[in-house]
Amino acid sequence: MSKAAEARESDFRSLVLAVVARVPVGKLVSYGQVAALAGFPQRPRQVGMVLSGLPEGTPLPWHRVVNTRGYVPSRGRWWGAFEQIGRLRDEGITVDDLGNLDLEAHRWRP
DNA sequence: CCACTGACTGGAC
DNA sequence: AGTCCAGCCAGTG
């Protein structure tokens, strides 16, 4: 990979994390929205990859990022979905045991 | 280089 | 309203 490409990917990660860090308590954003705010509207999948690589103790509010369909990623097939659901409930968002929630009712609009 | 995969999405059925 | 399909881009073998 070229140095320019490496720098671009490094920026992508930094920008994505910066956007996620700005999401207010009790608000939700979709992966596509985070990608667009970071300046890469064609790469929602890469946003998911960045978040999947976060350490367990990260201060980032990654649990406020859900998909546009209105449910927590992988609906339980993913090992962290249960924790994400619990954190969202703690912030006052209604989520059922399958991870379904009302994205429009809590969407963050910067 | 090719094929497959994934914490995604919008549109078609 | 629930599912499926094609497009998407980077990571991995």
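In what follows, chains carry the letters A, B, and so on, assigned in the order in which the sequence lines appear, proteins first and then strands, with residues in each chain numbered from 1.
Nearest heavy atoms, A:L60 versus A:A21: CD2-CB, 3.6 Å. Taking both residues in full, the closest heavy atoms of A:G92 and A:H106 are given as O-CE1, 4.5 Å, listed atom of the first, atom of the second, then distance.
In summary, A:R87 and A:E91 do not engage in a salt bridge, as defined by a charged side-chain N under 4.0 Å from a carboxylate O. Ion pairing between A:E104 and A:R109 holds under the 4.0 Å rule for side-chain N and carboxylate O.
Near DNA chain B, defined here as any heavy-atom distance below 4.0 Å, the residues from residues 17-33 of chain A are A:S30, A:Y31, A:G32, listed numerically. Residues from residues 36-62 of chain A lying near DNA chain B, meaning a heavy-atom separation below 4.0 Å, are A:P44, A:R45, A:Q46, A:G48, A:M49, A:L51, A:S52, A:W62 in numerical order.
Note that OG1 of A:T68 and CG of A:L28 are 11.5 Å apart. Values are rounded to the nearest 0.5 Å. In this structure, OH in A:Y31 is found 6.0 Å from CG in A:L51, a value given to the nearest 0.5 Å. Atom-to-atom distance recorded for A:N100:CG and A:Y71:OH is 8.5 Å, nearest 0.5 angstrom. Rounding to the nearest 0.5 angstrom, the gap separating the CD1 atom in A:I93 from the CZ atom in A:R64 is 8.0 Å.
With both ends at atom P, the span from B:dA7 to C:dG13 equals 15 Å, rounded to whole Å.
Among the duplex regions that DNA chain C forms, those built from at least three successive Watson-Crick or G-U pairs under 3.5 Å are B:2-6 with C:9-13, B:8-13 with C:2-7, ordered by first number.
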Atom pairs under 3.5 Å, N or O on each side, protein against nucleotides 11-13 of chain B: can you list them with distances?
unit_1	atom_1	unit_2	atom_2	d
B:dG11	O6	A:R69	NH2	3.0

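Of the possible donor and acceptor atoms, one in the side chain of A:Q84 sits under 3.5 Å from a partner among the backbone N and O of A:V65. Judged by distance alone, with hydrogens and angles left aside, the side-chain atoms of A:S14 form a donor-acceptor pair with the main-chain N or O of A:S10 at under 3.5 Å.
Note: CG (A:L98) to P (C:dA1) measures 17 Å, nearest angstrom. Per the geometry, CZ belonging to A:R87 stands 14 Å off C1' belonging to B:dA7, to the nearest Å. Atom pair A:F12:CZ and C:dC8:P shows a separation of 17 Å (rounding to whole Å applied).
Residues satisfying the side-chain contact (heavy atoms from CB on, under 4.5 Å) criterion with A:D90, sequence neighbours excluded, are absent altogether.
Among the heavy atoms of the strands lying under 4.0 Å from A:R8 are primed sugar atoms or P, OP1, OP2 only; no base atom is included.
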Could you pull out all donor-acceptor pairs under 3.5 Å where a side-chain atom in residues 33-50 of chain A meets a protein atom, sequence neighbours excluded?
unit_1	atom_1	unit_2	atom_2	d
A:Q33	OE1	A:S30	N	3.4
A:Q33	OE1	A:R107	NH1	2.7
A:Q33	NE2	A:W108	O	2.8

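A:D102 places none of its side-chain heavy atoms less than 4.5 Å from the side chain of A:T94.
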